[in-house]
Structure formats: structure tokens, C-alpha cells
Amino acid sequence: MGFLGLLFAIDALAPALYPVALPTRAQDGLTLALSVLIESLPFVVLGVVLSIAVQVWVPPGVIERWMPRTAWARRAVLSLLGMIVPVCECGNVPFARGLLMRGFSVPETLTFLIAAPIVNPIVIITTHQAFGFDDGILVARILGGYAIANLIGWLYSRHPDPDSLLTQRFRDTCELVVHEPGGKGRRSLAQFIIELRAVLPALVIGSMLAGAVQVLIPRDALLAIGSDPALSIIAMILLAMVVSICSNVDSFFALSFASTFTPGSIVAFLLVGPLVDVKMLALLRTTFTTRVLVGLVVVVVLSAFAIGTAVNLLV
């Protein structure tokens with residue numbers, strides 16, 4: 001809220017930055033917020049359903065039996081789980097919560113959570129439809145997302161107390177779910193309500209924040225630097241964090257910038273958006289502490305900048 005207050009203060013002190021009056025942009029912001037919410041909600045519900053299936057209906061040991069024993073190999077396999085869970089980043093959060101409740105470690109779950117929005121059949125298909133194999137954008141997105149996910153999983157596996165990375169509220173929810181009485185039907189209904197109550201408020205707040213930021217940050221300031229190899233990457237990273245577009249369709253949005261921005265900046269946009277946009281961070285906050293979120297943003301942004309720079313140098 002303080003960040004939004006700062007943006008409104010800038011609007012009041014420097015109205016010349018904006019070609020449209022504040023009331024009109026407020027209406028646009030509400031429209032954008034609702035569009036983000038409507039676009040994300042079906043995937044959140046699907047993610048909750050898949051989460052319940054994993055927690056309640058899949059017998060103990062079935063998933064774990066197929067996992068390698070060594071930690072790095074387990075993370076490598078989990079980072080490919082998105083290939084059979086075709087939901088966007090919003091739906092992956094409740095699914096990841098289900099993995100945690102089932103007993104998967106925090107580093108393993110983070111690895112899945114970061115990789116799944118990119119290593120996803122729908123995302124791969126739409127990215128190919130938008131860019132084909134031009135400038136290596138598709139390949140850089142897939143390999144880059146996989147690499148970032150496993151880097152984050154490895155970094156947090158070094159933490160001496162991974163459970164401390166979870167919020168107290170989520171840990172209390174885990175205890176509540178474990179001791180939920182009744183049969184599978186009752187447990188499924190109870191878990192469905194618990195997950196929606198935990199995720200929906202964050203989704204609404206994230207959607208509102210995304211809409212407000214889009215109309216309060218001058219887009220022209222970002223577009224003016226699109227041809228610079230380094231500044232274009234920074235601009236598209238900032239844009240990715242602001243617009244909060246579903247990873248299933250974000251490649252078509254990025255395509256509109258392909259004629260003015262460098263290929264590396266497009267790759268950076270396609271990497272950062274599904275992982276640490278403002279909507280995703282709001283959802284992640286339901287499960288992970290603020291310190292974890294800061295760490296994720298730093299690692300993802302720096303990695304995306306490095307990958308984008310490499311793409312610019314190679315193409």
C-alpha cells in the first residue's frame with residue numbers, strides 16, 4: 001500500500017508524465033485488475049482441485065516411489081512435473097501447497113513451483129506459435145526456466161532450517177488438514193474451502209495491485225529504451241513484474257514488443273513474468289515468508305538479466 005501511495009504522490013506532483021487524467025486511469029486500472037482476476041481464477045480453482053487430488057486421493061508412497069533418492073535428482077525430476085500439470089503460475093501455487101502438505105521439502109517444492117509455469121506444454125506451444133524458433137527465444141525460455149528453478153532449489157536446500165521459510169499460517173493449515181476427520185469426500189470439501197480462503201484474497205490483492213501499477217507507471221518511459229541491449233532487458237523485466245499476464249498467453253503480449261525490443265529482453269520478460277510478477281508474489285506470500293520472496297526476486301531477476309544478455313550477444 002505504501003508503494004501505491006508513492007505512485008499516487010508522483011501522479012499528483014508530476015501530472016505531465018501522464019497523458020490521461022487520473023479518474024480515467026483509475027477506471028482503466030479497475031478493468032485491468034478484473035481482467036487479471038478473471039483470467040487467473042479458473043487456473044487457481046484447477047490448481048486447488050489438483051492439490052486435493054494429490055493430498056487426499058493419491059495413496060501414500062505412489063508419487064514418492066517414482067522419485068530418485070538423491071536430492072538433486074529429485075529436484076530435477078520435480079522441475080519437469082509441470083509437463084503433466086498444464087496450469088499457469090496461479091494454479092501451481094495451491095498445487096505446490098499440496099505437495100508441501102504431502103511431505104515434500106521446501107527446496108523440492110520451490111523447484112517445481114518455479115519451473116512449472118514455463119516447463120509446461122501449453123506455455124511451450126503458445127511460445128512456439130508466437131516466436132517459432134526465431135532468435136532462440138523458445139529454447140532460451142525453456143532452458144532458462146529449468147536452470148533458474150534448479151538453481152533456486154539448490155540454494156534453498158543449503159538453508160539450515162527449510163521449514164522456517166514457511167509462514168506460520170501455512171504451518172497451522174498443514175496441522176489442520178492432517179487432523180481433518182471424516183472420509184475422503186469430507187476431507188476434500190474441507191480442503192477445497194481452506195485453500196480457496198487462503199489463496200483467493202491474495203489473488204484479489206495481487207490483481208488490484210497489478211492493475212494499479214499498470215496505470216500509474218508511465219509505459220512510454222519503458223518503451224523509450226527498447227533498443228538498448230542492457231536497458232531494454234531492465235525495462236522488460238520491470239514490465240513483466242507489472243503487467244501480471246498468465247504464462248499461457250504472455251508470449252503473444254511479448255510479441256508486440258519484438259520489433260522494438262532486443263531478443264534478450266523478450267526472453268527476460270518471458271522468464272520473469274510467470275515467476276515473480278506482483279500477482280504471483282501475492283499468492284506466494286500465502287505460503288512463504290517475505291524473506292523468501294525477496295530472495296526469489298533477486299535470483300530470478302539476476303538470472304533473467306544474465307540469460308537475456310547472453311541471448312543478445314549470441315543472436
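If you're wondering where the values come from, they're calculated on a predicted model, not measured in any experiment.
The hydrophobic clustering, which links ILVMFWY residues whose side-chain heavy atoms are closer than 4.5 Å, places Leu151 and Trp72 apart. Side-chain heavy atoms closer than 4.5 Å link hydrophobic residues (I, L, V, M, F, W, Y) into clusters, and following such links, even through other members, never connects Phe305 to Leu314. Phe133 and Leu143 fall within a single hydrophobic cluster, where Ile, Leu, Val, Met, Phe, Trp and Tyr side chains are chained together by heavy-atom contacts under 4.5 Å.
Using modelled atom types, no side-chain atom of Arg69 and backbone atom of Arg74 make a donor-acceptor pair closer than 3.5 Å. Not one N or O on the side chain of Arg141 forms a donor-acceptor pair closer than 3.5 Å with the backbone of Val267. Side chain of Asp277 to main chain of Ala240: no donor-acceptor pair is present (N/O by atom type, distance under 3.5 Å, no hydrogens or angles). Listed for the Tyr146 side chain is a donor-acceptor partner under 3.5 Å among the backbone atoms of Ala76. Between the side chain of Ser303 and the main chain of Val300, no donor-acceptor pair closer than 3.5 Å is present.
For the atom pair CE (Met236) and CG (Leu270), the distance works out to 7.5 Å, reported to the nearest 0.5 Å. Atom CG of Leu110 is separated from atom CG of Leu165 by 7.5 Å, given to the nearest 0.5 angstrom. Going from atom CZ of Arg75 over to atom OG1 of Thr70 covers 9.0 Å, rounded to the nearest 0.5 Å. Taking CD1 from Ile118 and OG1 from Thr127, the interatomic distance works out to 8.5 Å, rounded to the nearest 0.5 Å. Annotation: the span from Thr111 atom OG1 to Leu80 atom CG amounts to 11.0 Å, rounded to 0.5 Å. Distance check: Ile266 CD1 to Asp134 CG gives 12.0 Å after rounding to the nearest 0.5 Å.
Residue Leu113 forms a side chain to side chain contact (heavy atoms under 4.5 Å, CB included) with just one option from Leu78, Leu275, Leu284, Leu100, and that option is Leu284.
Scanning both residues, Thr262 and Ser232, for their nearest heavy atoms gives OG1-OG, 2.9 Å. Nearest heavy atom pair, residue Ile237 against residue Ala268, reads CG1-CB, 3.9 Å. Counting all heavy atoms, side chain and backbone alike, Phe269 lies closest to Pro274 at O-CD, 4.3 Å. Contact between Ala130 and Leu255 at its shortest, heavy atoms only, is O-CD1, 3.5 Å. Counting all heavy atoms, side chain and backbone alike, Gly144 lies closest to Leu271 at C-CD2, 3.9 Å. Across every non-hydrogen atom of Val301 and Met241, the tightest pair is CG2-SD, 4.4 Å.
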(request) Go through Ser164 and His159 one step at a time and tell me if the side-chain contact (heavy atoms from CB on, under 4.5 Å) criterion holds. (result) CA-CA 9 Å; Ser164 67; His159 196 280; 3.4 Å; yes
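Residues Thr289 and Leu166 form no side-chain contact, since every pair of their non-hydrogen atoms from C-beta on lies 4.5 Å or further apart. Put simply, the side chain of Pro107 does not reach to within 4.5 Å of the side chain of Trp154, judged on heavy atoms. Between Arg169 and Thr287 there is no side-chain heavy-atom pair separated by less than 4.5 Å. Side-chain contact check for Ile233 versus Phe261: every heavy-atom pair is 4.5 Å or farther apart. By the 4.5 Å heavy-atom criterion applied to side chains, Val123 and Pro117 are not counted as neighbours.
In this structure Ser79 satisfies the side chain to side chain donor-acceptor pair (under 3.5 Å) test together with Asn150, sequence neighbours excluded. Partners of Asp135 according to the side-chain contact (heavy atoms from CB on, under 4.5 Å) rule, which considers only residues two or more places apart in sequence or in another chain, are Ile137, Pro263, Val315.
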Indicate every side-chain donor-acceptor pair of residues 290-298 with a distance under 3.5 Å to a residue at least two apart or in another chain.
unit_1, atom_1, unit_2, atom_2, d
Thr290, OG1, Arg285, NE, 3.0
Thr290, OG1, Arg285, NH2, 3.4

